[in-house]
Amino acid sequence: MGVDLGSLVPSRTVSVRELSGKVLFFDGNNVLYQFLASIRGRDGTPLKDSRGRVTSHLTGLLYRLANLVEGGVLPVFVWDGKPPEDKLATIQERRERRDAASKAWEKAKEEGDLETARVKAQQASRLSGEMIEQADALLDALGVPSFTAPSEGEAQAALAVPEGEGFASVSQDYDALLFGAPRLVRNLTTTQKRKLPGKDKRVEVKPELIRLERVLEELALTREQLVGVGVLMGTDFNEGIEGIGPKRALDAMQEHGTLTKAAKALDEDAETLELVAEIFLEPDVGDVPDLSWGPVEEEAVVDLLVGEHSFSEDRVRSTVERFSSLDDPSRQGSLEDFF
DNA sequence: CAGGTGTA
DNA sequence: TACACCTGG
């Protein structure tokens, strides 16, 4: 998922406390997918309500947001609209991979191989339109604003982030940087521990802040060149080149300056790669609507989570209390008015 | 993922 | 108090 820039980009750890009072634009689909893939029982089965419908995305959203809002964060969720045409081939491949994982999961479960079952179950995760609707209804009841992007939520979130320290994108994917997000927060959890993929163990992961300006400075690249690095390595929209990882992609862009020249030097189809670069450099985004936080509608949250999805009422009510900081009426209107 | 509980 | 383990839904 996303472009693997981790080994190249400089970052600093950041605490939730430091993010207090800041407006964070969440890549909603990315965040829900993380919950769906990680909030699971021992054999890899996600949490479900009494009717058998998956609830991992709702559990994750409720508790994650409770911590952040309690810490003073002002969240905004951005959902994916229509996938870009260019992405269709990749999406098709992904569907095939998921189907294969799904079959392997069933097989591993039959054979009692729990570890493999868990891994395959995660790979089989899929986020449905219904899950997004449920999550959006929950946000609405909690007083957290959301909107849908024309296309990629990641791109919309990245470009919605104004200049200024009061704002950042939130996603696990480095793609946000290619789309031009001035600041990106990754690993935004409160307990600083995260389950290792596949293992039933947790490892310390601290939230980190990445500044695009700093990345470009450090790597001595323009944003166009950074996109070139990503495209050479492979993104959600293209496969990448065999034998080219972060190091060689960076070297190639530093040496040749443009993606076209680097591609030619590597004997690759420059035209196709430039088309992929265009997705990042000319993303399909729209205007950011006026945003407002609160009030928190406790009864609506209870109806949804307890009535509809079998959550425990006591737990829900006490968690909803933690959203009270959003009831401040000064937090309504357009973004420029906040700071 | 995050909170709660058991154990030393 | 610290941390491994379990549950939630």
Side-chain angles (χ1 to χ4, degrees), chain A residues 1 13-17 19 24 26-73 75 77 105 109 114-115 117-119 121-128 130-139 141-142 144 170-173 185-208 300-325:
Chain A
M1 281 306 203
T13 61
V14 68
S15 62
V16 173
R17 191 179 160 66
L19 297 171
L24 301 186
F26 288 75
D27 176 358
N29 291 68
N30 179 276
V31 169
L32 289 197
Y33 184 84
Q34 307 283 340
F35 292 147
L36 196 56
S38 63
I39 304 182
R40 285 164 182 273
R42 330 195 112 281
D43 70 345
T45 312
L47 302 187
K48 292 177 182 168
D49 63 22
S50 55
R51 290 175 48 194
R53 291 172 301 182
V54 171
T55 54
S56 295
H57 57 307
L58 300 174
T59 301
L61 197 58
L62 179 69
Y63 297 120
R64 168 75 61 84
L65 283 177
N67 283 325
L68 295 177
V69 166
E70 202 171 40
V73 166
F77 272 67
W105 175 28
K109 255 199 309 191
L114 287 188
E115 185 147 338
R118 169 184 281 273
V119 171
Q122 280 178 234
Q123 291 169 358
S125 301
R126 62 192 76 203
L127 199 56
S128 70
E130 196 185 9
M131 290 177 192
I132 309 251
E133 282 167 29
Q134 294 161 348
D136 196 56
L138 176 58
L139 291 177
L142 290 171
V144 175
V170 178
S171 176
Q172 281 308 97
D173 286 354
V185 177
R186 298 184 70 249
N187 302 330
L188 186 53
T189 57
T190 309
T191 69
Q192 300 171 343
K193 293 193 166 175
R194 192 175 53 185
K195 195 169 54 57
L196 228 46
K199 301 278 185 205
D200 197 13
K201 275 182 184 166
R202 285 200 249 180
V203 72
E204 271 232 26
V205 184
K206 290 185 176 166
E208 60 182 12
V301 178
V302 170
D303 282 353
L304 187 72
L305 295 181
V306 180
E308 197 72 13
H309 293 293
S310 334
F311 280 57
S312 120
E313 180 164 353
D314 287 354
R315 253 172 177 270
V316 168
R317 287 195 188 275
S318 62
T319 308
V320 165
E321 297 303 313
R322 303 167 61 194
F323 284 80
S324 59
S325 69

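We name chains A, B, ... by the order of the sequence lines, and we start the count at 1 in each one. Since this is a predicted model, take the numbers as computed values, not measurements.
The CG atom of A:Asn187 sits 16 Å away from the C1' atom of B:dA2 (whole-angstrom rounding). In this structure, A:Asp43 places its CG atom 13 Å from P of C:dT7, rounding to the nearest Å. Between A:Tyr33 atom OH and B:dC1 atom P there is a gap of 14 Å when expressed in whole angstrom units. In this structure, the CD atom of A:Glu313 is 17 Å from the P atom of C:dG8, given to the nearest Å. Atom CZ of A:Phe311 is separated from atom P of C:dG9 by 6 Å (rounded to the nearest Å). Atom P of nucleotide C:dG9 and atom CG of A:Leu304 are separated by 14 Å, given to the nearest angstrom. Whole-Å rounding puts the A:Asp314 CG to B:dG4 P distance at 12 Å.
Remark: A:Phe323 pairs with no residue by the ring-ring contact (aromatic ring centres under 6.0 Å, His included) rule, at least two apart or across chains.
Rounding to the nearest 0.5 angstrom, the gap separating the CG atom in A:Asn187 from the OG1 atom in A:Thr13 is 11.0 Å. Summarising the geometry, atom CZ belonging to A:Arg40 is positioned 6.5 Å from atom OG belonging to A:Ser56; distances are rounded to the nearest 0.5 Å. How far CZ of A:Phe311 is from CG of A:Leu47: 7.5 Å, rounded to the nearest 0.5 Å. Interatomic distance, A:Gln134 CD to A:Leu32 CG, rounded to the nearest 0.5 Å: 10.0 Å.
Side chains of A:Tyr63 and A:Arg322: no donor on one and acceptor on the other come within 3.5 Å.
Between A:Asn67 and B:dC1, a side-chain N or O to OP1/OP2 separation shorter than 4.0 Å is absent.
Listed for the A:Arg64 side chain is no donor-acceptor partner under 3.5 Å among the backbone atoms of A:Thr59. Judged purely by atom type and a 3.5 angstrom limit, A:Thr55 has no side-chain atom pairing as donor or acceptor with the backbone of A:Leu58.
Of the residues in residues 315-323 of chain A, A:Arg315 come within less than 4.0 Å of DNA chain C through at least one heavy atom, sorted by number. Proximity of residues 49-65 of chain A to DNA chain C (heavy atom under 4.0 angstrom from any strand atom) is restricted to A:Thr55, A:Thr59.
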Under the side chain to side chain contact (heavy atoms under 4.5 Å, CB included) rule, what do A:Glu308 and A:Asp303 come out as? Steps first, then yes or no, please.
-> CA-CA 6 Å; A:Glu308 197 72 13; A:Asp303 282 353; over 6 Å; no
